[in-house]
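So the structure is just underneath, and the comments pick up after that.
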Amino acid sequence: SHSGMVNVSAPTNRILVTGAAGFIGSHLCDALVSAGKHVVGVDDFNPYYEPGLKRKNIEGLVRHPGFNLIEKDMNSMGQDELDALIGECG
């Protein structure tokens with residue numbers, strides 16, 4: 001059964017983090033990158049949470065070779081685009 005938890009020791013190439021620039025997401029990405037993981041972070045920078053603050057949250061991450069940022073609203077992605085993104089992450 002699926003517990004809803006991510007096993008970060010699973011043999012995947014990349015870890016997908018949604019809401020990557022928010023408070024929790026950015027700290028999670030920091031921790032994963034610091035642990036040597038490659039992270040694909042997705043965030044749409046919507047105005048619900050101040051976009052400038054979100055950009056500040058990830059300013060160090062975006063320069064790290066183990067982090068890739070995708071600025072997109074996952075709700076607007078088509079099924080093929082979602083499947084490709086998920087497939088890229090292992």
Side-chain angles (χ1 to χ4, degrees):
S1 76
H2 187 270
S3 67
M5 299 298 292
V6 174
N7 179 358
V8 294
S9 63
T12 58
N13 295 331
R14 297 181 173 110
I15 298 170
L16 177 65
V17 176
T18 60
F23 179 79
I24 294 170
S26 63
H27 283 82
L28 175 60
C29 290
D30 279 332
L32 291 168
V33 167
S34 293
K37 305 296 182 184
H38 185 98
V39 176
V40 175
V42 180
D43 205 293
D44 67 348
F45 293 90
N46 68 51
Y48 179 77
Y49 184 118
E50 172 56 41
L53 185 55
K54 288 175 121 182
R55 293 198 186 279
K56 186 167 176 56
N57 287 346
I58 61 166
E59 66 186 357
L61 277 168
V62 295
R63 293 188 295 270
H64 195 285
F67 181 78
N68 289 75
L69 176 65
I70 298 173
E71 291 189 42
K72 192 142 193 165
D73 180 356
M74 291 186 72
N75 292 314
S76 69
M77 295 172 111
Q79 190 62 51
D80 289 344
E81 196 173 6
L82 284 170
D83 289 345
L85 178 61
I86 292 167
E88 177 184 331
C89 294

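Throughout, residue positions are numbered sequentially from 1 according to the sequence presented.
- Pairs passing the ring pair (Phe, Tyr, Trp, His ring centres under 6.0 Å) check and including a residue from residues 31-59, sequence neighbours excluded, do not occur.
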For residues 21-36, which side-chain donor-acceptor pairs fall under 3.5 Å, sequence neighbours excluded?
unit_1 : atom_1 : unit_2 : atom_2 : d
Ser26  : OG     : Gly22  : O      : 2.7
Ser26  : OG     : Phe23  : O      : 3.1
His27  : ND1    : Phe23  : O      : 2.7
Ser34  : OG     : Asp30  : O      : 2.8

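- Atoms CG and OG1, on Leu85 and Thr18 in that order, are 10.0 Å from each other to the nearest 0.5 Å.
- Leu82 is connected to Ile70 through a chain of hydrophobic side-chain contacts under 4.5 Å among Ile, Leu, Val, Met, Phe, Trp and Tyr, so both are in one cluster.
- Evaluation of the side-chain hydrogen bond (donor to acceptor under 3.5 Å, both in side chains) test over residues 78-90, restricted to residues two or more places apart or in two chains, returns Lys72-Glu81, Gln79-Asp83.
- Pairs of residues two or more places apart, or lying in two chains, never qualify as ring pair (Phe, Tyr, Trp, His ring centres under 6.0 Å) while including a residue from residues 56-90.
- Applying the salt bridge (Lys or Arg N to Asp or Glu O under 4.0 Å) rule to Glu71 yields the partners Arg55; only residues at least two apart in sequence or on another chain are considered.
- Applying the salt bridge (Lys or Arg N to Asp or Glu O under 4.0 Å) test to every pair with at least one member in residues 38-47, sequence neighbours left out, gives these pairs: Asp43-Lys54.
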